[in-house]
Amino acid sequence: MDMEALVFCSLALAAGCFVQSTVGFGMAIVAAPIVYFFEPRFVPGMITLVGLVLSLINMWQYRRMLSVKGLTAAFIGRVPGTIAAGMLLLYITADSLALVLGAGVLLAVVISLMKVRIRPTPKALFWAGFVSGLMGTSTSIGGPPMALVLQHAEAGKLRANLAGYFAFSCVLSLMALTATGHFSWWHFKYGVMILPAPILATWLAYRIQDKIKAEWLRYALLVLCSVSGVIAILRGVSNHSA
């Protein structure tokens, strides 16, 4: 393992964890492309491990605002969403699915900007979890659907509930990756070596987050959702053209 690559991957994940601890999600959007460039074997297994640790830290930080009961519908929706994506990928390519889901995320962002308020009802959370399962399986970025549904929540509750949802999702993903041979002791070892930088970045995020206004946080969420939608579309288009 090249030490220079390990350092750059640590810095990329630190930047991603800083963004996610501040905004609520975005670690994979920021870090995954850089990590993949320096060490493709770290994606998605090692990134998922870092995501799990980050989510557990954020859950603890905002434990008083976490509503596990409120997230139950999203947890339930995530499971069939993941299964449905696996079944769809038997008949269509991941690139085709990424195109459709990326366009759907951008449409949801446009609707949000039109001041249409999406209420986090159990039904809305179920479908957000379902679509998150589809996106997470096909593009490795499953945060936008949940972020869009929870965007009007108070900042602490937003971060807490997204962290709780991501922790559940990361456990499911690591189980699947381990079962299919895509997560092993090798990924765990290097994940532990990289963790100090992301943890330090998370601590720094806690120091400045009180200075972020609620409206800024909402627009940051919408920007990250837009970026994830564009990434999904570009990935699908470029791979179709190749």
Side-chain angles (χ1 to χ4, degrees), residues 13 16-17 20-21 24-29 31-32 35-36 41-60 62-63 66-90 94 97-98 101 104-105 120 122-150 158-188 190-192 194-195 198 224-225 228 231-232:
L13 283 161
C17 288
Q20 181 154 320
S21 295
F25 87 109
M27 188 268 284
I29 297 172
V35 171
Y36 186 82
R41 293 175 295 176
F42 281 172
V43 181
M46 195 274 288
I47 285 185
T48 305
L49 174 64
V50 174
L52 174 60
V53 173
L54 172 64
S55 297
L56 292 174
I57 292 173
N58 285 338
M59 278 178 63
W60 176 257
Y62 303 110
R63 59 192 179 278
L66 179 66
S67 174
V68 175
K69 183 178 179 181
L71 288 173
T72 301
F75 294 154
I76 294 172
R78 171 79 192 207
V79 177
T82 303
I83 295 171
M87 295 177 64
L88 283 171
L89 292 175
L90 294 175
L97 188 55
L101 294 173
V105 167
K123 183 177 180 180
L125 286 167
F126 173 86
W127 286 112
F130 183 86
V131 177
S132 176
L134 286 174
M135 283 197 69
T137 303
S138 60
T139 69
S140 301
I141 301 173
M146 286 296 297
L148 288 168
V149 170
L150 295 173
L158 173 70
R159 296 180 184 118
N161 289 320
L162 284 176
Y165 176 76
F166 291 145
F168 175 79
S169 300
C170 286
V171 169
L172 285 183
S173 296
L174 286 175
M175 290 171 62
L177 291 169
T178 301
T180 55
H182 291 91
F183 184 78
S184 64
W185 171 252
W186 184 87
H187 297 91
F188 180 82
Y190 283 109
V192 170
I194 276 175
L195 274 174
L224 283 173
C225 288
S228 70
I231 288 174

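Along the sequence shown, residues carry numbers from 1.
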Pairwise distance [atom1]([X]) to [atom2]([Y]) - rounded to 0.5 angstrom:
X: N58; Y: N161; atom1: CG; atom2: CG; value: 12.0 Å
X: W60; Y: I57; atom1: CH2; atom2: CD1; value: 12.5 Å
X: M46; Y: F188; atom1: CE; atom2: CZ; value: 12.5 Å
X: L162; Y: Y62; atom1: CG; atom2: OH; value: 11.0 Å

Looking at [X] and [Y], what are the two nearest heavy atoms and their distance?
X: I47; Y: A32; value: CD1-CA, 3.6 Å
X: L174; Y: L49; value: CD2-N, 4.2 Å
X: P44; Y: L177; value: CG-CD2, 3.8 Å
X: A147; Y: C225; value: CB-SG, 4.2 Å
X: L224; Y: G26; value: CD1-CA, 4.2 Å
X: P122; Y: A73; value: O-CB, 3.2 Å

With sequence neighbours excluded, residues passing side chain to side chain donor-acceptor pair (under 3.5 Å) with T178
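Result, side chain to side chain donor-acceptor pair (under 3.5 Å) vs T178: none returned.
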Side chains of [X] and [Y], heavy atoms from C-beta outward: is any pair under 4.5 Å?
X: M146; Y: L125; answer: yes
X: P198; Y: L54; answer: no
X: L71; Y: L66; answer: yes

Check side-chain contact (heavy atoms from CB on, under 4.5 Å) between [X] and all other residues, then give those that pass, not counting sequence neighbours.
X: S173; answer: T48, R78
X: A84; answer: F130, L134
X: Y36; answer: P40, V43
X: S55; answer: Q20, F166, A167

Please identify each residue that fulfils ring-ring contact (aromatic ring centres under 6.0 Å, His included) with W186, with sequence neighbours left out.
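Residues passing ring-ring contact (aromatic ring centres under 6.0 Å, His included) with W186: F42, Y190.
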Taking only residues two or more places apart in sequence, or in another chain, which ones meet F126 in a ring-ring contact (aromatic ring centres under 6.0 Å, His included)?
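By the ring-ring contact (aromatic ring centres under 6.0 Å, His included) rule, F126 matches no residue at all.
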Listed once per pair and sorted, the salt bridge (Lys or Arg N to Asp or Glu O under 4.0 Å) pairs that draw on residues 41-56, sequence neighbours left out
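Those involving residues 41-56 are E39-R41.
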Judged by atom type as modelled, is there a donor-acceptor pair below 3.5 Å linking the side chain of S132 to the main-chain atoms of G142?
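Flag set: sc S132 to bb G142 pair under 3.5 Å.
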